[in-house]
Amino acid sequence: MISLMNHINSDRENPMFALAFSTLEELHEYMSGRHLDILLVDEKVADDGLQPQRMNGACDTMESQIVDGLGIPVKMLILSRNKQNENGKGIIFKYSRASELISSILGYIDVKEVHSNRKLFRTYGIISPLGRCGKTTLAVSLCMNDEVRGGLYIGLEEYGSFQDDADALSNMIYLAKQRSCEFTEYMRKFTVNLGEYSVAGYLKSYIDAMELDADDVRWMIGQIREWGRYTTVVFDIGQAVLKDLTILTAFDEVIVPLLDDELSFAKVKAFEEMLRRAELGKLLCRMRKVSVPMAAPGSAQMIRFIENEMDR
C-alpha cells in the first residue's frame, strides 16, 4: 500500500495524489470532513467491514456507493487476488504492474468533471523565496481580475500590508483548526470589501498562520467553495510562515515569482531542492515560475500579463 502510494505521488505524469490509511478508524476520521474521488481497498479489507451499498443513480463508469459506517458517497474499487475477476465492474487485479494499476484507477475518475469544477472556482498559492519580486502585486491582481463573483485575498505573510485591530484572520485560522460551523459566518462578517476585490480579515501575528497544516487549508477552501461568494481565492504566502510544505498541494495553481539575477536563481533552486527533500516532486512539476512586471495591481499592464501568462 505504501509503495503504491509513493509510486503514484512520485510519478509526475499522472494527475493523482494518493493517501494511505492503515486502519478503518483512520479512514473514517478522514472521510468525516473530506472527500475522496476514489477509495481503493483490498478485497480482504472489503470482506472484513467495507461492504458498499448501492445508491440510486449510476454514473457512466461505475455505480456510486456508500461505504457502511462512513455514510459518504464514494466510488470504491476492489483490489482482487483473482485475475479472472479483473473484468468485473470496480475490480482491479492486485498483482498488476504499477503503471497498469494507475491506468485502471484513472479509468474510474471523471477527469472532465474535475476540470469543469476547477474552471469556475480557482485557488492560487503565491510563494517565493525572494523579496520585492511582485508576489503581493500578483496576488492582488489575480483577485481583481475575477469577473465572475470576485476574488478573495488571504494574506499569510510574515508582515502583511493590510492591518486592523480585529485580528480576524487569526480567528479564522482558529475556527478552521476547530472545524467550527461558525467559520463561514465569521468570514462573512469580517471579510473586508475593497471594491475591486476582498480581503479575508487581517493577520496580526504570522505565528498563528504557522499552526496551519494541509488538511486545515483544504478544509478552509472547501468552506469558501460551499459559501459560493467568491470564484477566485488567492493565498499570499510568506515562506517562513509555511511550516507544512504539503499545504502547497491544496491549491489549483502554485505560482513562484522570480527575479532575473544570479543570486535569485540560486535561492529559487534552493527552494526547489527543499521541496524535493519533502518528496513533493509532483508539485514541482506543476509549479509555475513567472517574472511579474513592475506595474500597479489592476493596471492595464498587469491585466495583459495575467491574460497572456497566467491563463495559458
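Just so it is clear, the model here is predicted, and its values are computed rather than measured.
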Answer yes if the side chains of Asp236 and Tyr153 hold a donor-acceptor pair under 3.5 Å, and no otherwise.
yes
Using atom types as modelled and distance alone, determine if a side-chain donor or acceptor of Asp208 lies under 3.5 Å from a backbone N or O of Glu211.
no
Please round to the nearest 0.5 Å and tell me the distance separating atom CZ of Arg288 and atom CG of Leu258.
12.5 Å
In a table with atom names and distances, give each donor-acceptor pair under 3.5 Å that connects a side chain of residues 293-305 to protein atoms at least two apart or in another chain.
from, atom 1, to, atom 2, distance (Å)
Ser299, OG, Ala296, O, 2.7
Ser299, OG, Met302, N, 3.3

Between the NZ atom in Lys177 and the CE atom in Met220, the distance rounded to the nearest 0.5 Å is 11.0 Å
Taking the basic N atoms (NZ, or NE/NH1/NH2) and the acidic carboxylate oxygens, is any pair closer than 4.0 Å for Arg276 and Glu273?
yes
Indicate, with yes or no, if Leu106 and Leu79 share a hydrophobic cluster defined by side-chain heavy-atom contacts under 4.5 Å among Ile, Leu, Val, Met, Phe, Trp and Tyr.
yes
What residues form a side-chain hydrogen bond (donor to acceptor under 3.5 Å, both in side chains) with Thr184, not counting sequence neighbours?
none
Note: Val217 and Ala250 closest approach over all heavy atoms is CG1-CB, 4.0 Å
Partner set under side-chain hydrogen bond (donor to acceptor under 3.5 Å, both in side chains) for Lys267, not counting sequence neighbours
none
Compute whether any side-chain donor of one residue and acceptor of the other, for Thr249 and Arg218, lie under 3.5 angstrom apart.
yes
Specify the closest pair of heavy atoms between Ser80 and Ile91, including all atoms of both residues, with the distance to one decimal.
CB-CG2, 3.7 Å
With no hydrogens and no angle check, just 3.5 Å: does a side-chain donor-acceptor pair link Thr232 and Tyr124?
no
On a heavy-atom basis, the closest approach of Ser170 and Ser205 is OG-O, 4.3 Å
For Phe271, the ring-ring contact (aromatic ring centres under 6.0 Å, His included) test, sequence neighbours excluded, returns none
Taken in chain and number order and not counting sequence neighbours, the residues that satisfy ring-ring contact (aromatic ring centres under 6.0 Å, His included) with Phe235 are Phe251
Using only atom types and a distance under 3.5 Å, with no angle test, would you say the side chain of Arg149 pairs donor to acceptor with the backbone of Gly228?
yes
When you compare the side chains of Thr246 and Asp244, does any donor N or O come within less than 3.5 Å of an acceptor on the partner?
yes
By ring-ring contact (aromatic ring centres under 6.0 Å, His included), which residues pair with Tyr186, not counting sequence neighbours?
Phe190
Lys/Arg N to Asp/Glu carboxylate O, Glu43 vs Arg81, below 4.0 Å:
yes
For Glu100, does its backbone N or O pair with a side-chain atom of Ser104 as donor and acceptor, under 3.5 Å?
yes
Connected via hydrophobic side-chain network under 4.5 Å: Ile207 and Val241
yes
Consider side-chain contact (heavy atoms from CB on, under 4.5 Å). Of Leu248, Val254, Leu275, which one does Leu280 pass it with?
Leu275
